[in-house]
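Per chain, numbering begins at 1; letters A, B, ... match sequence-line order. What's counted below: heavy atoms across the whole structure, side chains too, no hydrogens, waters or symmetry copies.
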Amino acid sequence: MDSGLDSRLAERMRRSQDGDRRAYEALLLEVASLVREYLRKRAGQAGGLEDVVQETLLAIHRDRHTYDPARPFGPWMYAIARHRLLDHARKERRHTENEVLGEEAWVAMNERAAVAEQGSWSGFLQHALGLLSSKQREIIQMLKLEGLTVAEIAGQTGYSESSIKVSAHRGYKTLRKWIGSACEE
Amino acid sequence: MKSEELVQSLVGDLRPVRRLWGVDRRTLLWEGLAFLCVGLGTYALGPRVDLSSKLRQPSYLLENGSLLLLFALSARSAFRLSIPGLAQNERSRFWPVLGLILWGALVGIRAVQGAHAAISGAAFVFTGIPCIVRMGCLGLVPGVAVFFMVRQGAPLHSGWAGLWALVAASAPAMVGTQLLCPKDDPLHVLVWHLASVLLTGLIGAALGRRYLSGYPTGSPGRRAPA
């Protein structure tokens with residue numbers, strides 16, 4: 001970043017810290033453009049870069065009190081952008097790993113189902129649903145098979161919305177546990 | 001939401017903020033507080049009876065001098081890490097390690113050269129516990145204060161910031177402890193003094209990752225002083 005641009009941004013940030021909205025708007029628009037360019041250089045055409053730009057803008061907004069106008073603006077801004085990019089990359093990696101694990105679990109579950117219940121998925125799912133209480137089973141079927149909302153289920157069954165959410169949560173937990181152990185076997 | 005819409009929303013949310021004081025000023029302020037707490041605590045607990053003669057021993061002075069160096073370097077690192085862009089250079093994060101190495105080397109040399117007191121395992125533990133308690137008491141207020149002050153910034157490397165923050169708090173507390181503790185056995189100093197500071201630093205790193213992490217998903221301006 002050349003020194004002219006840096007001092008212009010530094011001055012805008014100084015005025016923004018004092019509450020000048022026009023300076024702040026100009027600053028954020030310019031920062032968004034600089035950060036977008038920086039991210040393209042660092043991460044190419046990777047997905048979600050606009051999310052990183054927005055997270056950087058949020059972080060700059062939240063931490064604007066830490067900027068010292070006596071120091072250059074560029075290192076402060078790029079440090080935040082770099083940190084947001086690394087954090088984004090970490091989240092993406094975790095997400096990808098979960099997806100791979102999900103696929104493996106799916107294959108294992110499929111194989112297990114085929115063997116366990118005469119090759120039928122319905123038998124596998126019937127067994128899984130059989131582990132739930134009648135209330136949990138009823139709620140999960142209405143939520144997932146019939147596609148009803150929590151409010152609609154509350155209207156039909158007379159259960160409170162919070163009770164429906166708790167029952168569904170407990171049911172999912174039971175299913176997750178059983179499917180996980182089935183996949184491990 | 002598009003970025004332009006986000007910008008408009010942030011502009012609408014803009015409030016004047018009070019800028020953080022500079023790193024040097026905040027570091028000095030905290031160091032003054034730490035000295036005051038440790039000084040008063042040491043005075044209140046009563047220094048070791050042979051302190052005047054110990055203060056004439058170069059090895060004793062060097063060990064405590066290296067602790068003060070560790071104190072200065074780690075405090076500066078913790079405060080620099082609390083400001084984005086100030087501690088991006090990886091090497092600058094390792095400066096406080098110099099203080100640790102120096103202190104460890106001085107104690108290690110004494111351990112190699114000197115004779116060790118022959119005591120039982122239980123007695124060894126029994127003599128160490130008071131040192132842990134002293135360090136905890138003397139370092140508690142500076143430790144809480146440094147965590148609070150670092151959190152006022154925006155540490156991007158929260159683990160490192162937590163590590164050096166608690167090392168910075170435990171180093172002067174350990175100087176105070178060494179003014180109180182009558183045990184000079186190098187093994188005692190290695191385990192109950194040096195390892196305690198290291199362990200406190202590791203606890204600081206864990207706490208830092210938990211409590212100093214700069215960017216939780218929260219509303220904008222959560223930590224910005226209005």
**Q** Check the surroundings of atom CZ in R209(B): do more than 12 heavy atoms from other residues, nucleotides or ligands lie under 6.0 Å from it?
**A** no
**Q** Minimum heavy-atom separation for L156(B) and H83(A), please, with both atom names.
**A** O-NE2, 2.9 Å
**Q** How close do Y24(A) and L10(B) get, counting heavy atoms only, and between which atoms?
**A** CE2-O, 3.7 Å
**Q** Between D20(A) and chain B, with a heavy-atom cut-off of 4.5 Å, which part of the residue counts as in contact: side chain, backbone, both or neither?
**A** backbone
**Q** Please find the pair of heavy atoms, one from I80(A) and one from P84(B), that lie closest to each other, and give the distance.
**A** CG1-CB, 3.7 Å
**Q** Between CG of L14(B) and CD of Q17(A), what distance do you get to the nearest 0.5 Å?
**A** 10.0 Å
**Q** Please identify, among L28(A), L27(A), D51(A), L86(A), the residue contributing the most non-hydrogen atom pairs under 4.5 Å to chain B.
**A** L28(A)
**Q** Other residues, nucleotides and ligands only: do more than 12 of their heavy atoms fall within 6.0 Å of CZ on R21(A)?
**A** yes
**Q** Should the heavy atoms of other residues, nucleotides or ligands under 6.0 Å from CZ of R137(A) be counted, would the total exceed 12?
**A** yes
**Q** In Å, rounded to the nearest 0.5 Å, how long is the span from CG of D13(B) to CZ of R62(A)?
**A** 11.5 Å
**Q** Does the side-chain contact (heavy atoms from CB on, under 4.5 Å) test come out yes or no for D68(A) and I83(B), once each step is laid out?
**A** CA-CA 9 Å; D68(A) 178 356; I83(B) 304 297; over 6 Å; no
**Q** Under the salt bridge (Lys or Arg N to Asp or Glu O under 4.0 Å) test, which residues partner D18(A), sequence neighbours left out?
**A** R14(A), R19(B)
**Q** Closest heavy-atom contact between R15(B) and R64(A)?
**A** O-NH2, 2.9 Å
**Q** Atom CG of D63(A) and atom OG of S82(B): how far apart are they, to the nearest 0.5 Å?
**A** 10.5 Å
**Q** Provide the closest heavy-atom pair for T66(A) versus A154(B) in the form atom of the first, atom of the second, distance.
**A** CG2-N, 3.9 Å
**Q** Checking heavy atoms, do the side chain of R22(A), its backbone, both or neither come under 4.5 Å from chain B?
**A** neither
**Q** What are the two closest non-hydrogen atoms of Q54(A) and K2(B), and how far apart are they?
**A** NE2-C, 3.4 Å
**Q** Let me know if Y78(A) has heavy atoms under 4.5 Å from chain B in its side chain, its backbone, both or neither.
**A** neither
